[in-house]
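Single-structure report; data block below.
Lettering follows sequence order; numbering is per chain, from 1. Not measured: the values here are computed from a predicted model.
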Amino acid sequence: MADIPLINYRNIRLGKVEKLRELGINPFRSKCSRTHYADSIIKDFESMEGQTVTVAGRLMSWRPHGKLTFCHVQDQTERMQILFHKKELGETDLSLKNLGYSDLKLLDVGDFIEITGSVMKTQKGEITVLANSLKMLTKSIRPLPDKWSGLKDREAILRRRYLDTTIKPGNKDHFEAIARMLFATRKFLDDRGFLEFTTPVLQPQYGGGTAKPFITRVNALDCDMYLSISHELYLKRLIAAGFDKVYTIGKYFRNEGIDKQHHPEFSMIETMTAYENYEYNMDLIEDLFRYIAEQAFGKMEFNVQGHTIDFGKPWKRISMVDAVLEATGRDFRKFKTVEEANAFLTSLESEEPVAPQASIGHALAAAFEIKVEPTLIEPTLLYGQPMEISPLAKPMDDDPGFAERFEIFIGGMECGDNWSEQNDPVHLLECWKENFRRKDLNPEEFHPLDLDFVEVLEYGMPPTTGIGPGVERMAMIFSEKDNIDDVIFFPMMKPHVSPINAIIYEVDQLEDFRGKEVETTGEDMALSMHDFSELLSDKIISPESTELTIYPYLQVWEKPSAKGQWKATGYLDMDGFFKNKKVRIVGYTAKSDKKSEIDAEKEAFRIFIEQSLSKTIRQYFNADAYDIKIAEVKIIR
RNA sequence: GGUCCCUUAGCUCAAUUGGCAGAGCAAUUGACUCUUAAUCAAUAGGUUGAAGGUUCGAUUCCUUCAGGGAUCACCA
């Protein structure tokens, strides 16, 4: 293990931690007496020159030069050059916990330090703090990535964004701007009399939208809940309660595909305004974008997907029928039957064949997606979606086939869906029955209705309209990024332990485990099959008794998953390795489309135990000396 | 979920047709009073993502697995 370089680097630095402690200096000090940030010293150098300041931050570079050492310390604002001069800094002073010149070798790039000294300019003209005292704040025991090339591996950047951001401070400006964007949004809405509310993330129903939800379990209530796929029904309850302008910046969870524009967990600015219709929101959203551009980003022109977009200009507003008419020359208002509309749809030139649609409205939407959507680069408010695809919106008074609804397109990307909310409870109920409860629908299209919300409407909700621009999509536009991972500081990643960390930390864990008197802990131990066989092969654990008994358990899920798959997971407890203590081995999973096949997994599980587990045990110990009994597989539901 | 691609030292990257795994930065030791990707000298550093297979020989070819990326489907 010592021949792994990182472990050597780590040990060298851990040695420095020990040396500091021996000197009487805390390598992880809690107190810091910063008086100035780097940028304020640089900005006001004229008045700061010669003054004594205390700066603090991360050590980013190190240039020893005999009795003189230059380095850069980076705080939240800037990098500041520090000059250590042997005579100025002096020697380590334990009464003040100051590190002296001859102990500078205990510092490493990556450490957090505090420096007190006078502001000066070097001979080459760089503003510098000439240090007369130095305190260690936090010792870093892993080397930072190369300061010049930084992190390039996408996975490393996403998993360890804190490192990428440390090395590329420009990255910090980018995320700061996104934070300012949310601040500007709140300011904008507050100025217009909106109240911000929080709404539940754990919801008993998943109303609004056809997305697939995440399901979770509330133990205290002994029931399943859904992670919010929408917050609108709660905002509407607030409207019914008598608040006229409300909003939430909510978390949304959708258990669907992940790509450059979609993330399972995202945020949306959702508003509800009473006594207004969708036309009010067209103005609101346009003003909001203009305000954010100016206040948070200080400019009006942005490069989105290779196109320059000017938020200073008024946005294009067009109905879906007119947009398709403009692009194809055909007027969907003139189609009388679905067949006619579908015939037209198939005549359109598109790369993929177009499936026949269920209604004229669906056909219109399909034609729009193929021919118009990719061309909507300039900010466009597209209104008048057919009612067939907008079951929860209000129909237009003068043309009831179309909804009082609009979508926002910028750079060919949909950035929000907005409408006059349907507040006729009878109509809503009918609509839901018509669209989501038909027997011919498969389970994926089936969609629950929040009956409690229908009751709200029966008591009455005034005319209401809302907007819902996505935070990440706005951030992508304003910060000119084309990947959603670049605007989410912590994008979702599958858990992964790097091999090097497995070596560094697992061995430590094993040492803990070895050091314990396992017989007296009374705690059972859960291991994966892989870990178990590793422990056996390393002779870290071995049977205590010559009699080994294996108790297999198969847990069968009572309900199929969203995909209709039945699932069973197996684990087993084993007696005979420790006194009064079982070893639990986890990790057998089976899935099947049919419930009956899962019941048959019992036998497959038993074979798995006999072949895989027994083989592993026999491989490392004299098989004849041990009596291995396998109990009947117990099924838990 | 489908298809294609990627994974070599802490970081960034090499390695010819399957033939001794190599460099820069970082690290360690030493020198150095204005450097700034400091410089100079020396030293050390590898589970080539994991497991298996083919081969005299595998970073390279094959299989499985893990993670990541691109793209399609679903969606905002």
ask   = Just checking A/Lys16: base, sugar-phosphate only, or nothing, at a heavy-atom cut-off of under 4.0 Å?
value = sugar-phosphate
task = Report yes if a side-chain nitrogen or oxygen of A/His65 is closer than 4.0 Å to either non-bridging phosphate oxygen (OP1 or OP2) of B/C34; otherwise report no.
result = yes
query = So, are A/Arg317 and A/Glu286 salt-bridged, with charged N and O less than 4.0 Å apart?
reply = yes
ask   = With sugar-phosphate meaning primed atoms plus P, OP1 and OP2, does A/Asp417 contact a base, only sugar-phosphate, or nothing at under 4.0 Å between heavy atoms?
value = nothing
query = When rounded to the nearest Å, what value does the distance between P atoms of B/A73 and B/A9 take?
reply = 37 Å
query = Does A/Asn11 put a side-chain nitrogen or oxygen below 4.0 Å from OP1 or OP2 of B/A27?
reply = no
query = How would you label the contact of A/Gly150 with the nucleic acid (heavy atoms, under 4.0 Å): base, sugar-phosphate, or nothing?
reply = sugar-phosphate
request  = Mind checking A/Asp164 for me? I need base, sugar-phosphate or nothing, with any heavy atom below 4.0 Å counting as a touch.
outcome  = nothing
query = With respect to the phosphate group of B/U12, does any side-chain polar atom (N or O) of A/Lys152 fall under 4.0 Å of OP1 or OP2?
reply = no
ask   = Which part of the nucleic acid, if any, lies within reach of A/Gly470 when heavy atoms closer than 4.0 Å are counted: base, sugar-phosphate only, or nothing?
value = nothing
query = For A/Phe70 and B/A38, what is the distance between atoms CZ and P respectively, to the nearest whole Å?
reply = 12 Å
key: Nearest-nucleotide 5' precedence on RNA chain B, A/Pro143 against A/Lys67   = A/Pro143
ask   = Any side-chain N or O of A/Lys86 less than 4.0 Å from the OP1 or OP2 oxygen of B/U33?
value = no
query = Given atom CG of A/Leu151 and atom C1' of B/U7, what is their separation to the nearest angstrom?
reply = 15 Å
task = Rounded off to whole Å, could you give me the NZ-to-P distance for the A/Lys105 and B/A27 pair?
result = 15 Å
Nearest-nucleotide 5' precedence on RNA chain B, A/Arg63 against A/Ile500 = A/Ile500
ask   = If you write RNA chain B from 5' to 3' in dot-bracket form, with Watson-Crick or G-U pairs under 3.5 Å, [ ] for crossing pairs and | for pairs with another strand, what do you get?
value = (((((((..((((.....[..)))).(((((.......))))).....(((((..]....))))))))))))....
